Undergrad: 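The structure is given below, and queries will be raised subsequently.
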Amino acid sequence: LEYERLFEKRTTSFYKDIAQFKALAFPDNKKSWSTYKSTLSQFFDFFSEKRRSKYKNGILEEISLEDFRNFIEYKQSGESGTRIVTSSQSIANIYSHISSMLNTLKDNGRISRTLFDKGRSYGLEDFEITGNKKNDNYLTTENVKTAIEYYCDKNHGERDVCIFLLCASIGLERPNIMELLWDDVNLTDKRPYVRVG
């Protein structure tokens, strides 16, 4: 909510465009929206800062595959402060989220054209996955002990240990955990269970 972002560069206007895409493509606020929202927020933060150009009519139509490549390089560099993108599937998903927004806005007459209209295989053609490669970084008993000790020393330690164990042991992701109710958890049955979805 800085003056520059609101009135000079108007970068907050990108969030109006994201909201417009949500209204068109996710009117029921489906579960997958949170992933799209995260990707798009990170991309437009990057785009508005690195381009350093003012928000103007037609700026969405100028977003190029080069802007996408620069964003992936930024995500691979570790500068973004979020999880480093290493897999080809993650890169393909990011491409799909950006192209889906731009194509939806075009199909609904909000923008006149997009440079992301030739499909994902074209957009990712000749795209090299540079930088960090995934390591075989598996959880060991020692890692789990270290994580539990770390969480125990914090406020809300019991909650955080529980969430960590749900993630580590049965692979639940944050949106799944946030939807859990007490009725979904039964630890007294002969076969204890956690019901998801």
Side-chain angles (χ1 to χ4, degrees), residues 1-120 122-124 127 129-132 163 167 172-180 197:
L1 298 177
E2 296 165 353
Y3 176 84
E4 181 189 35
R5 287 176 173 263
L6 286 170
F7 297 107
E8 290 180 358
K9 290 187 178 177
R10 295 181 56 217
T11 52
T12 47
S13 297
F14 286 115
Y15 289 91
K16 175 196 68 156
D17 298 322
I18 293 173
Q20 208 166 50
F21 167 59
K22 178 182 183 278
L24 292 166
F26 296 90
D28 301 330
N29 204 13
K30 293 179 184 169
K31 291 178 190 174
S32 55
W33 168 246
S34 61
T35 310
Y36 276 77
K37 178 182 174 187
S38 175
T39 300
L40 295 170
S41 297
Q42 290 174 42
F43 174 74
F44 284 111
D45 278 347
F46 168 81
F47 181 76
S48 62
E49 285 300 310
K50 296 298 178 191
R51 269 249 186 144
R52 300 198 177 280
S53 59
K54 293 182 180 179
Y55 185 93
K56 60 186 180 187
N57 289 338
I59 197 163
L60 296 181
E61 296 153 340
E62 295 174 11
I63 296 172
S64 67
L65 293 175
E66 191 60 31
D67 293 316
F68 166 71
R69 288 188 178 94
N70 291 338
F71 177 61
I72 295 300
E73 286 171 12
Y74 171 70
K75 294 285 286 175
Q76 289 176 332
S77 72
E79 293 176 52
S80 67
T82 58
R83 189 175 65 188
I84 293 173
V85 171
T86 53
S87 75
S88 55
Q89 186 59 52
S90 294
I91 292 170
N93 289 342
I94 291 169
Y95 179 90
S96 293
H97 296 164
I98 296 167
S99 67
S100 179
M101 175 181 162
L102 296 175
N103 284 306
T104 298
L105 294 177
K106 177 183 170 274
D107 293 344
N108 287 274
R110 306 290 199 239
I111 59 176
S112 61
R113 68 182 178 99
T114 172
L115 301 174
F116 285 73
D117 60 352
K118 293 187 174 73
R120 191 160 84 170
Y122 175 84
L124 298 176
F127 188 85
I129 300 173
T130 57
N132 306 293
I163 290 171
C167 292
L172 289 185
E173 294 182 356
R174 186 170 59 180
N176 303 129
I177 293 170
M178 290 173 68
E179 291 174 352
L180 286 176

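Computed from a predicted model, the values in this text were never measured in an experiment.
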Undergrad: Say you draw a straight line from CG of N93 to OG of S100; how long is it, rounded to the nearest 0.5 Å?
TA: 11.5 Å

Undergrad: Applying side chain to side chain contact (heavy atoms under 4.5 Å, CB included), run through I91 and K75 and close with a yes or a no.
TA: CA-CA 10 Å; I91 292 170; K75 294 285 286 175; over 6 Å; no

Undergrad: Tell me every residue that passes side chain to side chain contact (heavy atoms under 4.5 Å, CB included) with I94, counting only those two or more places apart in sequence or in another chain.
TA: T39, F68, F71, I72, V85, I98

Undergrad: Side chain to side chain contact (heavy atoms under 4.5 Å, CB included), that's the test. Do D28 and W33 meet it? Break it down for me.
TA: CA-CA 9 Å; D28 301 330; W33 168 246; over 6 Å; no

Undergrad: Atom CG in L60, atom CD in Q20: separation rounded to 0.5 Å?
TA: 9.0 Å

Undergrad: Please enumerate all residues that pass ring pair (Phe, Tyr, Trp, His ring centres under 6.0 Å) together with F44, with sequence neighbours excluded.
TA: F14

Undergrad: Would you compute the distance between atom NE2 of H97 and atom CZ of F21 and round it to the nearest 0.5 angstrom?
TA: 8.5 Å

Undergrad: Taking atom types as modelled, is there a side-chain donor on S77 or E73 under 3.5 Å from an acceptor on the other?
TA: no

Undergrad: Going by heavy atoms in the side chains, are M101 and Y36 under 4.5 Å from each other?
TA: no

Undergrad: Sequence neighbours excluded, which residues qualify as side chain to side chain contact (heavy atoms under 4.5 Å, CB included) partners of T12?
TA: R5, L6

Undergrad: So, using side chain to side chain contact (heavy atoms under 4.5 Å, CB included) as the criterion, who are the partners of Y15 when residues are at least two apart?
TA: I18, S41, D45

Undergrad: Say you draw a straight line from NZ of K37 to OG1 of T35; how long is it, rounded to the nearest 0.5 Å?
TA: 11.5 Å

Undergrad: Would you please name every residue forming a side-chain hydrogen bond (donor to acceptor under 3.5 Å, both in side chains) with N70, sequence neighbours left out?
TA: none

Undergrad: Show the atom names and distances, to 0.1 Å, of all donor-acceptor pairs under 3.5 Å that link a side chain in residues 107-117 to residues at least two apart or in another chain.
TA:
from, atom 1, to, atom 2, distance (Å)
N108, ND2, T104, O, 2.8
S112, OG, E61, OE2, 2.7
T114, OG1, F116, N, 3.0

Undergrad: Taking C-beta and beyond as the side chain, do Y74 and F43 meet within less than 4.5 Å on heavy atoms?
TA: no

Undergrad: Please tell me whether S64 and D67 have a donor and an acceptor in their side chains that are separated by less than 3.5 angstrom.
TA: yes

